[in-house]
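Proteins get letters first, then strands, A, B, ... in listed order; numbering begins at 1 in each. Just so you know, these numbers use all the heavy atoms, side chains as well, and skip hydrogens, waters and symmetry mates. Here the structure is a predicted model, which is why all the values come from computation and not from measurement.
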Amino acid sequence: MSQTAQQPSAEQQPAGGPDDGVPPHRYTPALAQRIELAWQDRWESEGTFHTPNPVGRLAEGFERVAGRPKFFVMDMFPYPSGAGLHVGHPLGYLGTDVTSRFRRMDGDNVLHPMGYDAFGLPAEQYAVQTGQHPRVTTEANIAAIRAQLRRLGVDHDDRRSFATIDPGYYRWTQWIFLRVFGSWFDRSAGRARPIGELVAELDAGTREPDPGTDPTGRPWAELDDVERRRVVDAHRLAYLHEAPVNWCPGLGTVLSNEEVTPDGRSERGNFPVFRRPLTQWMMRITAYAERLLTDLDRLDWSDSLKQMQRNWIGRSTGARIGFPVGVAGRADDAAPETIEVFTTRPDTLFGATYVVLAPEHPLVGALTAQAWPDGADPRWTAGAATPAEAVREYQRQASRRSELDRQDAGREKTGVWLGVTATNPADGRELPVFIADYVLTGYGTGAIMAVPGQDARDWEFAEVFGLPIVRTVQPPADFDGKAWTGPGPAVNSANGELSLDGLDVDAAKAAIVDWLAARGAGEATTTYKLRDWLFSRQRYWGEPFPIVYAIDGEDADLPVAVPDAMLPVLLPEVDDYSPKTFADDDADSAPEPPLSRAADWTTVELDLGDGPRKYRRETNTMPNWAGSCWYHLRYLDPGDDERMVDPELERYWLGPRGPGDVGGVDLYVGGVEHAVLHLLYARFWHKVLFDLGYVSSEEPFRRLVNQGYISAYAYTDERGFYVPAADVEERDGQFLYEGRPVDREYGKIGKSLKNMVTPDEMIAAYGADTFRVYEMSTGPLDQSRPWETKAVVGSQRLLQRIWRVVVDEGTGAPRAADVEPGEDTLRALHRTIAGVRDGFATLRFNIAIARVTELTNHLTQVYGADSPVPRSVAEPLVLLVAPLAPHVAEELWSRLGHDASLAWHPFPDADPRWLVEDTVQVAVQLNGKVRAQVSVPADADAAALEAAARADEKVAAHLAGRTVRRVVAVPGRLVNFVVG
RNA sequence: GCGGGAGUGGUGUAACGGCAGCCACGCCAGACUUAGGAUCUGGUGCCCUCGGGCGUGCGGGUUCGACUCCCGCCUCCCGCACCA
């Protein structure tokens, strides 16, 4: 490639024939294509965008950048779907590319890698349909996207690319899983620790098992080995758990809460989802709820995104209060039970008039009375002969009811009485206990005290069931509504020992919680909406778990980690990639993962330290999100076979920049659709790795920006059918397709709206540089915008004008010469430099382009078509535009006589001398309205400014005969006369 | 309902509390052309009696001065939503 290096000019033939009137060396789309392909080849062959690491395999050339600050910029990596990119997809990739190129020129050691998120449902579903191995389609799709990205001219370091399906990558995904499995959350320390330390402390008697981890209730010392294993397993951050899960028969798999849409369907495929108890792998993300919440404050993310995560974590503070249930009416051998409720309003305890359990609450069976008491309200019994019958029927209905119905706040409240009462600990009143589906199993304790006077939902239920309503907060005098949830003094809230009456809400809360705590009847507590992460999928195309279970023996079915040295656990070949799927609405079906049918693979003989034994493998696979939880770490050296990541590389690229800094990627750009799923999971894993000492950064992504979306107009004819948007004409404000009027809509780009526009089409018509400039010119990166193909020509014209400033269109020779620019030109240049830098630094590339356009237009006017352009202006112009339109900039730079790529050339600096004017125009206002302009020296003080203004004829005319009450003169800006 | 964000020409947008509309698309006119869907130049917020008047969703407020800050509405977009 040395020939290319010395003679990089891509121009091999004139752009047009002699007869068509187009100058032979004009920057036409055809020339743009040749330039772009040639420079893409050269960048690749020279390794222009190889980023050196400080140490290790990729350290070559580091001495060149050792003194530079590091800058790690990253895109949310794509899922290679095969559907192809449309013009909306590259927006973020181009934003990071411009930033990356700018920061490199401006003196940073920039890391800008790209990988592929490649496990997942679409490839698997395609495989199920065609029998083609998902790896084959996935790899073909990756190759296609990689080619498209290359054609856009992005500056990724190709040596650092990988896909999550690479065994060399998912080996470490499995390794991280084992670290999570191999640790527990020490609540006293507020962090994860290796599980071995837990065992040591339990053995030493310095620690008791966490509550709820030991079903035997016996001391640790008295437990046998298997019982101890179970206790330890219950502490792990990755644990097996039988619980109601989101079972999706149509997909044949379970889904995490986050993968279920609010209307109770699968996010992928839109199939119905049912709640069903199953044993599944869970990740204890809830242990990190507090840190995930509070550390948001330390991140440079948008407020809206932080707010979404806060809402998802859903912290709320309140109290747990016990409501004892007596034995009266229950089975003869029933022991007394206490219903624990969670409330954020303990101050309203005296207003509680009934208690409600979720239908799935574990105490429901034990609390249900044998028979209805005499005179039971028919509204409470649902017409059933016994409480047990009513409960069974209600539970059945609740499990059948889709999440949509269940969460529809407008639906009338339903429920049944258990036939028993619970005692209000504050005043000893007996309150009826119901089950009702407006109380959710997974939140709080799955049980509430109902306070209709202060809660709209409880009020509604009380009205339907004829339950008493007691106000315990005095509403304002003019309030005539139902439940009052606002502030006010407590009323009706006293017992023999305690009175809350007159206290405001906060004071009443404090008083009642103290009183309850003193009698062991309750305590202040915090709960979260966030639930543990369901981590198993019954799919083929995902990472296998590095977990086996003994087949025989006392410890059968307890999970055992596959030793690190035996990783990766490779995905086996199978004949059928599909999980067993069922009719969409078959709620009673049970999962059957494809790996369970790989008979040779599922059982294995291993020696895990106590001799060879037979084990069965875990046949679930990890969810799609696993691979994207840590890929930022693998970019640092994807070829490292020794470690997940070299700690020294992690410290260099991701480590904190100072005390208290969270560290992480310096700029992470991607779509807002990952606001809770990916970003919460990735933060969680990163924090676990931090706690265990594998990384020095507390957060994965220091700064995050959501790029906007590109939408496009679509058109429907009189029948409501979409017509091809590309063929619609606008005439006099009317939109016409084949001469007939059509209606305009605005929406997602895609086949269904017939408004698809692809980068390939745009690149073919204009070249990648024009496409890049157009996309970046339409607004700040984070802003959504409409696509308008007809406007692309503006960007094409800009690049043509820049080309024409630097190159003679007739001869192809550079027009730059060593002539001195005029002062106007110098000012224009340096103002442009300052503006472009500002635009790049703030991701408002539209500003940078506007300033470059101004400079170009200035040069076009001043230097015409023939006079030589000062080299000292032409060269900076080329450098300024280089991050936006890198190919044409490289070509011009080379024609200006430079052998080396400009990718590493210093970005121009604005000379402050040329940013200040000698004389400035200042506005003269009367009462805030501009009446005149005066020209004054830039350094004129207030008095000089006022004098100059008064000397102006127009101003004098305005001031004549009027009283000047006040003069505001701001040097360099304006004079304002306040007149009477 | 709760939370977040945004409302500026025909369109995308721009304006440290200081001349509202930079730059571009579109449109209008002109130049060069056999020709123009090329290129270049000029114009283009609205109204006007050509003096000027009015203009940043609406209404108030702070200020010498508000697109910008504060309060209250309206509209649109996004997220969450029976979360106790």
Integer-rounded Å distance: [N] [atom2] and [X] [atom1]:
{"X": "Arg785(A)", "N": "A6(B)", "atom1": "CZ", "atom2": "C1'", "value": "15 Å"}
{"X": "His361(A)", "N": "A84(B)", "atom1": "NE2", "atom2": "C1'", "value": "13 Å"}
{"X": "Trp301(A)", "N": "C78(B)", "atom1": "CH2", "atom2": "C1'", "value": "17 Å"}
{"X": "Lys529(A)", "N": "A81(B)", "atom1": "NZ", "atom2": "C1'", "value": "7 Å"}
{"X": "Glu788(A)", "N": "U13(B)", "atom1": "CD", "atom2": "C1'", "value": "12 Å"}
{"X": "Arg973(A)", "N": "C19(B)", "atom1": "CZ", "atom2": "P", "value": "8 Å"}
{"X": "Ile448(A)", "N": "A84(B)", "atom1": "CD1", "atom2": "P", "value": "11 Å"}
{"X": "Met776(A)", "N": "U13(B)", "atom1": "CE", "atom2": "P", "value": "14 Å"}

Students often get this wrong, so: under 4.0 angstrom with heavy atoms, is [X] touching a base, only sugar-phosphate, or nothing?
{"X": "Ser795(A)", "result": "nothing"}
{"X": "Gln307(A)", "result": "sugar-phosphate"}
{"X": "Asn846(A)", "result": "sugar-phosphate"}
{"X": "Lys790(A)", "result": "sugar-phosphate"}
{"X": "Ile847(A)", "result": "sugar-phosphate"}
{"X": "Ser784(A)", "result": "sugar-phosphate"}
{"X": "Thr778(A)", "result": "sugar-phosphate"}
{"X": "Arg320(A)", "result": "nothing"}

Problem - Check against side-chain hydrogen bond (donor to acceptor under 3.5 Å, both in side chains), Tyr394(A) and Thr414(A) - result: CA-CA 9 Å; Tyr394(A) 190 79; Thr414(A) 60; 2.7 Å; yes
Rounded distance in Å between the [atom1] positions of [N] and [M]:
{"N": "C27(B)", "M": "G12(B)", "atom1": "C1'", "value": "16 Å"}
{"N": "U44(B)", "M": "G10(B)", "atom1": "C1'", "value": "11 Å"}
{"N": "U62(B)", "M": "A14(B)", "atom1": "P", "value": "31 Å"}
{"N": "G37(B)", "M": "G26(B)", "atom1": "C1'", "value": "14 Å"}
{"N": "U68(B)", "M": "G9(B)", "atom1": "P", "value": "15 Å"}
{"N": "C22(B)", "M": "U56(B)", "atom1": "C1'", "value": "16 Å"}
{"N": "C19(B)", "M": "C25(B)", "atom1": "P", "value": "26 Å"}
{"N": "G7(B)", "M": "C67(B)", "atom1": "P", "value": "14 Å"}

Exercise for the section: Flag the pair Tyr746(A) / Trp787(A) as yes when their ring centroid distance falls below 6.0 Å, and as no otherwise. Expected result: no
Problem - Tyr354(A)/Phe461(A) aromatic ring centres below 6.0 Å - result: yes
So which nucleotide does [N] pair with, by the Watson-Crick or G-U wobble rule with both distances under 3.5 Å?
{"N": "U75(B)", "value": "A6(B)"}
{"N": "U39(B)", "value": "A31(B)"}
{"N": "G26(B)", "value": "U44(B)"}

Problem - Sequence-aligned protein contact record of nucleotides 38-45 of chain B, with B where the base is within under 4.0 Å of a protein heavy atom and S where only the sugar-phosphate is - result: SSSSS---
Handout entry: Earlier contact from the 5' end, RNA chain B, for Asn311(A) and Gly779(A)
Key = Gly779(A)
Handout entry: Residue met sooner reading RNA chain B from 5', once Thr344(A) and Arg966(A) are mapped to nucleotides
Key = Arg966(A)
Handout entry: Under-4.0 Å salt bridge between Arg831(A) and Glu854(A)
Key = no
Handout entry: Sidechain N-carboxylate O distance under 4.0 Å for Glu290(A), Arg315(A)
Key = yes
Exercise for the section: Starting from the C-alpha separation in whole Å, work towards a yes-or-no answer on side-chain hydrogen bond (donor to acceptor under 3.5 Å, both in side chains) for Arg797(A) and Gln800(A). Expected result: CA-CA 5 Å; Arg797(A) 287 180 190 147; Gln800(A) 280 182 338; over 6 Å; no
Completion exercise
Classified by glycosidic angle (syn within 90° of 0, else anti), G9(B) comes out syn
Completion exercise
Given the 90°-from-0 boundary between syn and anti, G55(B) should be labelled anti
Handout entry: Shortest side-chain distance from Val970(A), nucleotide among A84(B), G18(B), C80(B)
Key = G18(B)
Fill in the blank from the handout: Side-chain contact check for Thr853(A): nearest option of G18(B), A24(B), G12(B) is A24(B)
Handout entry: Contact under 4.0 Å: Arg844(A) side-chain N or O vs C23(B) OP1/OP2
Key = no
Handout entry: side-chain N/O Ser316(A) vs A84(B) OP1/OP2, d < 4.0 Å
Key = yes
Problem - Side-chain-base donor-acceptor pair under 3.5 Å for Arg851(A) and C23(B) - result: no
Exercise for the section: Might you confirm whether atom NZ of Lys306(A) has over 12 heavy atoms from other residues, nucleotides or ligands at distances under 6.0 Å? Expected result: yes
Problem - Audit row: Thr770(A), Gln796(A), side-chain hydrogen bond (donor to acceptor under 3.5 Å, both in side chains) steps and yes/no - result: CA-CA 5 Å; Thr770(A) 293; Gln796(A) 166 81 354; 2.9 Å; yes
Exercise for the section: Check for a donor-acceptor pair, side chain of Asp455(A) on one end and backbone N or O of Thr485(A) on the other, with a separation under 3.5 Å. Expected result: no
Problem - Residues Tyr709(A) and Glu673(A): side-chain donor-acceptor under 3.5 angstrom - result: yes
